[in-house]
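By convention here, the first residue in the shown sequence is residue 1. Heavy-atom basis, side chains included; hydrogens, waters and symmetry copies ignored. Counting starts at 1 for both ligands and their atoms, in listed order.
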Amino acid sequence: MITQELKERALGAYLGFACGDALGATVEFMTPSQIQQRYGLHQDIIGGGWLALKAGQVTDDTQMSLALGAAILEQQGWQLTAVAEHFLTWLDSDPPDIGNTCKRGLLRYRATGELCDPIRKDSAGNGACMRNLPVVLATLWHADDFIEWSLQQSHITHNNPLSDAATLCLGQMTQHLIQGCTLTETLSLSAQLIANHPEFNYHPYPGKSSAYIVDTVQTVLHAIENTDNFESCLLKTVNQGGDADTTGALAGMLAGAHYGVSQIPERWLAALDQSITTQIQQQSLELLQLAKSFSIQK
Ligand code: MN
Ligand code: MN
């Protein structure tokens, strides 16, 4: 059933994601000490950064998620070619930024029509993991669909075991939190990830926050485990610098699912590009409704 609480957690995940992207983009590729020198604590959505963004503008993380969500809603289900085509339309829209691995994969699809990239060691960036939230919502009650859709959309650009494991783990964690599991229960999924792939271990936290999926996941898990509210989780994440828009977005996804939309600071929601807010409000509700309609069919 789609309860009010469920809706608030799902919307919290999606808006939290976008807030993390917009907040983190200002300090993307900076080191913690550079951030400290320039901002003290970076805590407001002010734009700028290496992309010279307007305050509230989001980047590829949110835009690719919205493209994936639009493809699912347009098809009212899963159609991988539609997903790839929506990514290409986004690529042609002159986006503010795009990761190299994403670009390479989308250009391969355009040139060959091939939907799956070969397995590659150098595809262990966070670009597939960062855009999977619409799948998380649309498959909320369907573990098999969640795995299949997640891996298929990932492999358009990133076909790598560490990327796959992280995408599934963060997605499942988000699903559990939206369904009301405690943070402690949910963190057992990350313990499983670490048992299967010890490189993800973040005890002690190594302090790297690059776009390498291992660094990204460690940063996000360390932040959510060691904070007790939405705002401090995101501040801890983005002030670590590195790929701060993406770590911020993924931390915002987990923290938003856990704490709910009501715990996102009002100043961040007010700063966010309102056309993005509207799209997210629509998608989060419609993706949940789609997930529920599958439950009735099955
Ligand atoms: Mn980005
Ligand atoms: Mn990034």
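The side-chain hydrogen bond (donor to acceptor under 3.5 Å, both in side chains) analysis of residues 37-46, with sequence neighbours excluded, yields the pairs Asp44-Arg267.
Annotation: protein N, O or S atoms under 2.8 Å of the Mn ion (ligand 2) (waters excluded) comprise Glu28 OE2, Asp243 OD1, Asp245 OD1, Thr246 OG1.
Among residues two or more places apart in sequence or in another chain, the ring-ring contact (aromatic ring centres under 6.0 Å, His included) test is passed with Trp149 by Trp78, Phe294. For Trp50, the ring-ring contact (aromatic ring centres under 6.0 Å, His included) partners are Phe29, not counting sequence neighbours.
Counting only distance, with no hydrogens or angles, the side chain of Thr26 and the backbone of Gly49 share no donor-acceptor pair below 3.5 Å.
Looking only at atom types and distance, the side chain of Tyr205 has a donor-acceptor partner in the side chain of Thr219 under 3.5 Å away. Asp92 and Thr89 share no donor-acceptor pair across their side chains, judged by distance under 3.5 Å alone.
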